[in-house]
Amino acid sequence: MFKNFTSELNPHQAYRMKKLKRQLERAESYEEWKSIALKLDEESGAQEWKYDNTSEYFDAELISHRLNLLKKYRTQDRIVDLIYILREGLTYDIANIGHPMLFTATYVGTKKIIEDYVEEVSHSLYYLVSSNCNGMSVQERIDFFENCQRAYGQPALMFSGGATLGLFHSGVCKALMEQDLMPKVLSGSSAGAIMAAMMGTAAHGEAMNILQGDHFFSDAFHFRTLSEMLKGNGGIADVKYLKKFLVENLGDLSFEEAYKRSGLHVNIAVAPYDSVHDARILNKFTSPNLLVWSAVLASCAVPILFPPVRLTSKRYDGVHTPYMANTRWVDGSVRSDFPQEKMARLYNINYTIASQVNPHVVPFMQTDEERYRKDVLSMPERIVRHQSKVMAMELMDFTRERMGRIPPIRRLLDHGYGIIDQRYYGDVNIVGKYNWRHYSYMLQNPRPHLFRLLQREGERATWPKISTIETHARIGKTIQHCLDLLRFHQKYAVKETSDVAI
């Protein structure tokens, strides 16, 4: 879509835009990046698109109608009507305003009417907390906002696998935290499990220290000699070194203890080695006593690279005990890189942010423009992608019928099914840009120069998505802030009453 604005530029404009794009690539912070991006939108004429409500991707008429009603009821102090209209549309993508194509035309922002609507919903919610709203008690307001929170839901951030390339995730976290956009629900598989666990076991206020990188510098990969591998009972890499790294950095915390420490919901994806049952996500609800380092170790057990592992729980008295002792587990990304549906049921997720660096996935990822194009020229690629997937599945079915009784082949086919049949996209996608050099990083032990390189790549990949995430997150953050204010007021009022009584 952006190309449509640049097709009729004069040579002088084209030169200025080329110069701005070079500056954008060299930006050292999000603030600098955003300033240049806004100039690019202005130079290209893309800003004019924001004021044109014509679009096939959302219902502008509905948004305009609701926007006018919200302003009217708020300015006229019509509390009951305002609450009614707010409750009627508490979803981040009402009238399809969350559609990805609405965030591809400009570097920063979306349609002006959508931005105005989100702004007005936030103003209306704050009005119900303010002293101007006299028709509701504090408890009634708390009840209202708690219902709003349940109706609206919350976001989740998902980290893919990718071995050492997973250091990219640290840049994603850094960029989101600097803009106060870090979700409270995290999931990870393989390398992504390490990132999620690092964040989820850090005490309040320590997360940014984790992202400095000191905790990542370790010999997590130690490759075994050929004679050791010929003896069996292991993979290419020695799992003892990875286990030592995880225990040192994640501590002896169970999932329940980790949540109390960080306030973050950590979800680790693992898959059973023998495929008797489906992949699972481990968290404070499904496995509260399971040790976080144990779950991450299992999620990192990439077949061939590491051997399958058994899980370890911590009993009420601190003694370590086996968890599902007869089952061995492997890398969760082979079956469930992004466990979106399971998390949605547990945490009331409304949208997901996916940080994707898996080396077998990134080269095939499509941009939002490519995925949602509706023109005739996009049809051949859609057909080829769909038919390729169908043919691969049918080939595995054919092989299973003839050779499925052989355990190694059956496991290989099950893993193949998982890799081909799962969904690798979130609602917002932050994807690494690869060249051949990146594949040489995959199994390197993290070192300062490599950490800084991949973290910066993660930051730069996140900056273009910030305005999208801000738009999605604005109303949810407002609801949470209103609840915090009301609960503080209620607590202070109760304390004041008790002091008077004394």
Side-chain angles (χ1 to χ4, degrees), residues 1-21 23-24 30 33-75 85-86 88-124 181 350-351 366-379 427-429 463-475 478:
M1 293 180 70
F2 192 79
K3 291 178 182 177
N4 295 337
F5 302 120
T6 60
S7 57
E8 299 180 0
L9 294 178
N10 61 50
H12 187 54
Q13 284 177 300
Y15 170 76
R16 288 202 303 267
M17 285 196 63
K18 187 176 180 180
K19 184 178 178 181
L20 285 169
K21 286 179 180 179
Q23 292 175 5
L24 197 71
Y30 175 64
W33 184 94
K34 184 177 179 181
S35 175
I36 299 167
L38 286 170
K39 291 176 184 176
L40 264 170
D41 286 339
E42 191 69 43
E43 192 69 49
S44 68
Q47 287 284 12
E48 297 173 10
W49 170 88
K50 290 185 177 183
Y51 293 89
D52 179 7
N53 292 342
T54 305
S55 174
E56 61 181 322
Y57 297 111
F58 82 112
D59 189 339
E61 187 177 343
L62 175 59
I63 292 300
S64 178
H65 176 66
R66 287 185 58 81
L67 176 59
N68 292 331
L69 285 179
L70 286 168
K71 285 181 178 178
K72 177 182 176 181
Y73 296 154
R74 179 173 59 83
T75 54
I85 196 73
L86 282 170
E88 196 176 60
L90 271 178
T91 172
Y92 92 98
D93 61 348
I94 182 173
N96 216 28
I97 62 173
H99 196 287
M101 289 297 282
L102 295 170
F103 299 88
T104 59
T106 57
Y107 282 101
V108 179
T110 181
K111 296 284 189 183
K112 184 67 166 58
I113 193 172
I114 294 175
E115 294 174 349
D116 290 345
Y117 176 75
V118 171
E119 183 79 10
E120 180 55 41
V121 172
S122 292
H123 282 322
S124 297
L181 293 172
N350 53 8
Y351 68 93
Q366 295 178 293
T367 64
D368 289 332
E369 294 95 323
E370 292 168 337
R371 289 173 66 207
Y372 292 101
R373 282 175 60 191
K374 295 182 179 180
D375 56 283
V376 176
L377 294 176
S378 68
M379 290 301 294
D427 296 297
V428 179
N429 298 287
W463 292 340
K465 305 293 183 177
I466 291 291
S467 66
T468 304
I469 298 169
E470 280 180 332
T471 303
H472 292 347
R474 175 72 185 276
I475 294 172
T478 299

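As the structure is a prediction and not an experimental result, all values here were calculated from the model.
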Is there a ring-ring contact (aromatic ring centres under 6.0 Å, His included) between Tyr92 and His472 once you walk through the steps?
CA-CA 6 Å; Tyr92 92 98; His472 292 347; 4.9 Å; yes
For side-chain contact (heavy atoms from CB on, under 4.5 Å), just list the numbers for Ile469 and Phe103, CA-CA rounded to whole Å, side-chain angles, deciding distance to a tenth of an Å, and then say yes or no.
CA-CA 10 Å; Ile469 298 169; Phe103 299 88; over 6 Å; no
Take Thr110 and Phe58 through the side-chain contact (heavy atoms from CB on, under 4.5 Å) test and state the conclusion after the steps.
CA-CA 12 Å; Thr110 181; Phe58 82 112; over 6 Å; no
Start with the C-alpha distance between Val121 and Leu70, add both sets of side-chain angles, then the distance that settles side-chain contact (heavy atoms from CB on, under 4.5 Å), and finish with yes or no.
CA-CA 7 Å; Val121 172; Leu70 286 168; 3.7 Å; yes
Quick one: do Ile475 and Val118 satisfy side-chain contact (heavy atoms from CB on, under 4.5 Å)? Show the steps, please.
CA-CA 7 Å; Ile475 294 172; Val118 171; 4.1 Å; yes
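Here the shortest heavy-atom pairing between Ile94 and Gly89 reads CD1-CA, 3.6 Å.
Salt bridge status for Glu120 with Arg66: absent, with no side-chain N to carboxylate O gap under 4.0 Å.
We find the CG-CG distance between Asp93 and Leu102 to be 11.0 Å, quoted to the nearest 0.5 Å. Note that NZ of Lys19 and CD of Gln23 are 6.0 Å apart. Values are rounded to the nearest 0.5 Å. From Ile114, atom CD1 reaches atom OG of Ser55 across 7.5 Å, with rounding to the nearest 0.5 Å. The NE2 atom of His99 sits 9.0 Å away from the CG atom of Asp368 when rounded to the nearest 0.5 Å. In this structure, Ser35 OG and Tyr30 OH are separated by 11.0 Å, a value rounded to the nearest 0.5 Å. From Asn429, atom CG reaches atom OG1 of Thr367 across 10.0 Å, with rounding to the nearest 0.5 Å.
When side chains are defined from C-beta on, Asn53 does not count as touching Glu61, because their heavy atoms never get closer than 4.5 Å. Looking at Glu119 and Arg474, their side chains come closer than 4.5 Å, going by heavy atoms from C-beta outward. Trp33 has its side chain within reach of Leu24: a pair of non-hydrogen atoms, C-beta onward, lies under 4.5 Å apart. Looking only at side-chain heavy atoms (C-beta outward), Leu40 and Met17 come within less than 4.5 Å of each other.
A donor-acceptor pair is defined here as one N or O able to donate and one able to accept, closer than 3.5 Å; such a pair exists between the side chain of Lys111 and the backbone of Trp49. Side chain of Asp41 to backbone of Ala46: no donor-acceptor contact under 3.5 angstrom is found. In this structure, the side chain of Thr75 engages the main chain of Lys71 through a donor-acceptor pair within 3.5 Å.
For Lys50, the NZ atom counts as densely surrounded, since its 6.0 Å shell holds more than 12 non-hydrogen atoms of other residues, nucleotides or ligands. For Glu42, the CD atom is loosely surrounded, since the number of other residues' heavy atoms within 6.0 Å does not exceed 12.
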